[in-house]
Amino acid sequence: QVQLEESGGGLVQPGGSLRLSCTASGSIFNIYTMRWYRQAPGKQRELVAAITSTGTTNSADSVKGRFTISRDNAKNAVYLQMNSLKPEDTAVYYCNARIMVVVGDRVRDYWGQGTQVTVSS
């Protein structure tokens, strides 16, 4: 059974930084694209950033130049370095990964439980 576990959320002042981590565990054959999403109260979940297994990245316009996504394939981990945080970045952040558990099986989406990020003075 595959699980994604996130860590690194918390309360930070505007202009501060946080680093989110997400590690996949369990029986895994291959991890493809990994993504970070966020959902603020009363809003739809939105894509923040994505990274392919070969390291190609993209991110939402609202976080370009401030957030950096990276991954460590040896650790089955993805990270989100968040700098120059703004109050509008406040949300629950979710890790998503597309994973093949068994060779030849279909690729499935897995989600973490979410970690709260609050940007406030």
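Everything numeric here is computed off the predicted structure, so don't read it as measured data. FYI, side chains are in, hydrogens and waters are out, and symmetry mates aren't considered; it's all heavy atoms of this structure.
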Side chain to side chain contact (heavy atoms under 4.5 Å, CB included) evaluation trace for V117 with L20: CA-CA 9 Å; V117 171; L20 304 183; 4.1 Å; yes
Pairs flagged by salt bridge (Lys or Arg N to Asp or Glu O under 4.0 Å) wherever residues 109-121 is involved - sequence neighbours left out: R98-D109
Do N96 side-chain atoms and M34 backbone N/O form a donor-acceptor pair below 3.5 Å? no
Once rounded to the nearest 0.5 Å, what's the spacing between atom CG of D105 and atom CE of M100? 7.0 Å
Backbone N or O of G114 within a donor-acceptor pair of the E6 side chain at under 3.5 Å? yes
How far apart are the C-alpha atoms of T118 and Q116, what are their side-chain angles, what is the distance that settles it, and do they pass the side-chain hydrogen bond (donor to acceptor under 3.5 Å, both in side chains) test? CA-CA 6 Å; T118 302; Q116 177 70 46; 3.3 Å; yes
Checking V2, V107, I99 against I31 for side chain to side chain contact (heavy atoms under 4.5 Å, CB included), the one that qualifies is I99
Could you grab the distance from atom CG of N58 to atom OG1 of T56, nearest 0.5 Å is fine? 9.0 Å
Should the heavy atoms of other residues, nucleotides or ligands under 6.0 Å from CD of Q3 be counted, would the total exceed 12? no
Crowded around Q1 CD? As in, over 12 foreign heavy atoms under 6.0 Å? no
Do other residues, nucleotides or ligands put more than 12 heavy atoms under 6.0 Å from the CD atom of Q39? yes
Ring pair (Phe, Tyr, Trp, His ring centres under 6.0 Å) pairs touching residues 48-88, sequence neighbours excluded, are none
Less than 4.5 Å apart, side chain to side chain, heavy atoms only: is that true for F29 and V102? no
Closest non-hydrogen atoms of S27 and V101, given as atom of the first, atom of the second and distance, are O-CG1, 3.2 Å
Show your reasoning for whether side chain to side chain contact (heavy atoms under 4.5 Å, CB included) applies to T54 and Y32. CA-CA 9 Å; T54 56; Y32 297 91; over 6 Å; no
Full working for side chain to side chain contact (heavy atoms under 4.5 Å, CB included) between S17 and M82: CA-CA 5 Å; S17 298; M82 304 185 294; over 6 Å; no
Looking at S59 and V63, would you say the former's side chain and the latter's main chain have a donor-acceptor pair under 3.5 Å? no
Taking the side chain as every heavy atom from C-beta outward, state whether W36 and I69 have any pair of such atoms under 4.5 Å apart. yes
Got a sec, which hydrophobics cluster with Y94, joining ILVMFWY side chains under 4.5 Å apart, including via others? Y37, L47, V92, W111
Taking the side chain as everything from C-beta on, heavy atoms only, tell me whether P14 gets closer than 4.5 Å to K86. no
So V78 and I51, do their side chains get closer than 4.5 Å, heavy atoms only? yes
With salt bridge (Lys or Arg N to Asp or Glu O under 4.0 Å) as the rule and sequence neighbours excluded, what pairs involving residues 30-48 come up? R38-E46, R38-D89
Under the salt bridge (Lys or Arg N to Asp or Glu O under 4.0 Å) definition, can you give me all pairs with a residue in residues 67-79, not counting sequence neighbours? none
Sub-4.5 Å side-chain heavy-atom contact between L80 and V48: yes
When you compare the side chain of I28 with that of N76, does any pair of heavy atoms fall below 4.5 Å? yes
Which atom of T33 lies closest to which atom of A50, heavy atoms considered: CG2-CB, 4.2 Å
Please test S120 against L11 for side chain to side chain contact (heavy atoms under 4.5 Å, CB included), starting from the C-alpha separation and ending with a verdict. CA-CA 7 Å; S120 176; L11 173 64; 4.2 Å; yes
So which pairs with a foot in residues 74-110 pass disulfide bond (SG atoms under 2.5 Å apart), sequence neighbours left out? C22-C95
